[in-house]
There are 2 protein chains.
Amino acid sequence: MFEVLISHIQQKVSLSDTDKIRLQEFFVPKKLRKKQYLLQEGDICKNLAFISKGLLRTYNVDEQGNEHMSVFGWEGWWLSDFNSFLSGEPAVFNIDAIEDTEALLISKANYEAITVAIPVMDRYFRILYQNSIVTKERRLMSSITDTAEEKYLRLSESSPQIIERLPQNLVASYLGIAPETLSRIKKNIASRK
Amino acid sequence: MFEVLISHIQQKVSLSDTDKIRLQEFFVPKKLRKKQYLLQEGDICKNLAFISKGLLRTYNVDEQGNEHMSVFGWEGWWLSDFNSFLSGEPAVFNIDAIEDTEALLISKANYEAITVAIPVMDRYFRILYQNSIVTKERRLMSSITDTAEEKYLRLSESSPQIIERLPQNLVASYLGIAPETLSRIKKNIASRK
DNA sequence: AACCTGGCTTGATCCAGATCAAGCGTATTT
DNA sequence: AAATACGCTTGATCTGGATCAAGCCAGGTT
């Protein structure tokens, strides 16, 4: 389980051998079956989850009962309701497993502690968050600026894995469009070439 | 100029007196007149800008010539085309001054260097970015989930300063709606109470 | 083998919000 | 003080994509 995490960290910063050992103390492994919740709306999000295997989704549900995908995460991704985790407010997001999943959980206290014990983790998270900001900024501008078809094409460019790995109705929700619309868009694109 | 920056940093981490002095070496002050560009689309974004006074906007322009607001920043905010700054790719955003502005610029090299010279800056930026992610996540979900009126009401809640300080057409662009629509929404809300 | 269940498609209709257009007041420029 | 520009409003019209509805296919269950 930890190899995936350690190699992910070492892509961004370098860890000593003792760091690699110590680091493991801060995490708790957790297995999730398909459809199982990691977090439910209204609960306090107690952990950040690093996914070492499997596939999760983060989403909220509006008053009409429609789900809106926020983030998908698989091997090498971190997930949480970040606001709830940081502030202690109730979560607005649900997180559940689309495939059987293995994750490593780190609590708020351990998240604070690990950056003290292993200072380079501040830098690791800083770099992780930098990249996350760029991704979210792109998705936001796409959401504001692009037509439905442009949103789909941009996602195909930037995150083909999402399109390959997830059912089409969840992709549509991630793009903020109706599943029927996505179906028609794909048909149009296919017929054009 | 530096007092604003230093007090902003000290809200998140603590700095020694020598850190406060050394820190200044890494920044270059820059004044901007109203309408002046800090960054133009296609250029490489060489700096992060900390705004000590004034008001800037980050936006892009689509093929039809419409502007789409990405971020507004005033005293105590950081702005850049983050992707361009980090990757060295050409900027997709423009940044210009809505009011006369004083900023402190830090280059990529100095951004790397300052976290080495003053390690607590890694933590400062990590915390800054954490908060930025939460904000962007909220705005993204609002953009995907909410009606035009809900978007406006949510912004009134979360960032009343934006509504107070910026002309209505820029607020509309920030929300991803037409200025006429925003005008009508405000009229409706006013007439309802 | 019959029966669900969930994901996908296709057609018909509807509507929130965009676009187009005109006029108005206030601020800025000359 | 005239001229121009800019932001805002209001009305009329249009449209991209949502919603509603029905049927299809593949996998999984009993």
Side-chain angles (χ1 to χ4, degrees), chain A residues 33-36 55 57 59-69 72 94 96-100 141-156 162-192, chain B residues 33-36 55 57 59 61-69 72 96-100 141-156 162-192:
Chain A
R33 295 269 183 71
K34 194 172 169 168
K35 301 206 172 179
Q36 190 180 341
L55 179 61
R57 62 177 183 153
Y59 62 100
N60 64 17
V61 183
D62 65 25
E63 314 80 59
Q64 293 96 57
N66 299 315
E67 297 178 350
H68 303 274
M69 298 305 122
F72 299 117
N94 300 280
D96 65 22
I98 296 174
E99 300 172 2
D100 291 351
M141 291 314 284
S142 174
S143 164
I144 287 174
T145 306
D146 293 347
T147 63
E149 179 171 319
E150 286 165 347
K151 287 175 195 177
Y152 173 72
L153 291 174
R154 197 181 293 270
L155 185 67
S156 310
I162 288 181
I163 288 163
E164 288 155 17
R165 193 152 170 183
L166 288 150
Q168 204 166 301
N169 58 342
L170 296 186
V171 174
S173 168
Y174 184 80
L175 291 172
I177 66 181
E180 295 94 330
T181 302
L182 181 52
S183 174
R184 285 184 249 262
I185 285 171
K186 291 181 79 168
K187 192 185 168 192
N188 282 342
I189 292 173
S191 76
R192 277 212 298 270
Chain B
R33 294 268 182 72
K34 193 171 169 171
K35 302 207 172 174
Q36 190 180 341
L55 178 60
R57 62 177 182 153
Y59 62 100
V61 183
D62 64 25
E63 314 81 58
Q64 294 95 57
N66 299 314
E67 297 177 349
H68 303 273
M69 298 305 123
F72 299 116
D96 65 22
I98 295 174
E99 302 172 2
D100 290 352
M141 292 313 284
S142 173
S143 164
I144 287 175
T145 306
D146 292 348
T147 63
E149 179 170 322
E150 286 165 348
K151 287 175 195 175
Y152 174 72
L153 291 172
R154 197 180 294 270
L155 185 66
S156 311
I162 287 182
I163 288 162
E164 288 155 16
R165 193 152 171 184
L166 287 152
Q168 205 168 299
N169 58 343
L170 296 187
V171 174
S173 168
Y174 184 79
L175 290 172
I177 66 180
E180 295 94 330
T181 303
L182 181 53
S183 175
R184 285 183 248 263
I185 285 170
K186 290 180 80 169
K187 191 185 170 192
N188 281 342
I189 292 172
S191 77
R192 277 210 300 268

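Quick note: numbers below take in every heavy atom, side chains included, and nothing from hydrogens, waters or symmetry partners.
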[X] side chain near [N] phosphate (N/O to OP1/OP2, under 4.0 Å):
X         : N       : result
Lys187(B) : dT10(D) : yes
Asn169(B) : dC8(D)  : yes
Thr181(A) : dA18(D) : yes
Gln168(A) : dG6(C)  : no

Check: Ser173(A) side chain, Glu67(A) main-chain N or O, donor-acceptor pair, under 3.5 Å: yes
Looking only at atom types and distance, does a side-chain atom of Asp100(B) sit under 3.5 Å from a main-chain N or O of Arg33(B), one as donor and one as acceptor? no
State, with a plain yes or no, whether a side-chain heavy atom of Ile177(B) is found less than 4.5 Å away from one of Ile185(B). yes
Do Tyr174(A) and Leu155(A) have side chains that get closer than 4.5 Å, going by heavy atoms? yes
Value in whole Å for how far the [atom2] atom of [N] lies from [atom1] of [X]:
X         : N       : atom1 : atom2 : result
Lys34(B)  : dT28(C) : NZ    : P     : 7 Å
Leu170(A) : dC8(C)  : CG    : P     : 8 Å
Ile177(B) : dA16(C) : CD1   : C1'   : 12 Å
Lys186(B) : dT10(D) : NZ    : P     : 12 Å
Ile185(B) : dG17(C) : CD1   : P     : 7 Å
His68(B)  : dA18(C) : NE2   : P     : 11 Å
Gln64(A)  : dT19(D) : CD    : P     : 8 Å
Leu182(B) : dA16(C) : CG    : P     : 18 Å

Charged N-O contact under 4.0 Å between Asp96(B) and Lys35(B): no
Among the nucleotides dG17(C), dG7(D), dC20(C), which one has an atom lying closest to any side-chain atom of Glu180(B)? dC20(C)
Per Pro167(A) side chain, nearest of listed nucleotides dT9(D), dC8(C), dA18(D): dC8(C)
Is there, by distance only and without an angle test, a donor paired with an acceptor across the side chain of Arg184(A) and the base of dG16(D) below 3.5 Å? no
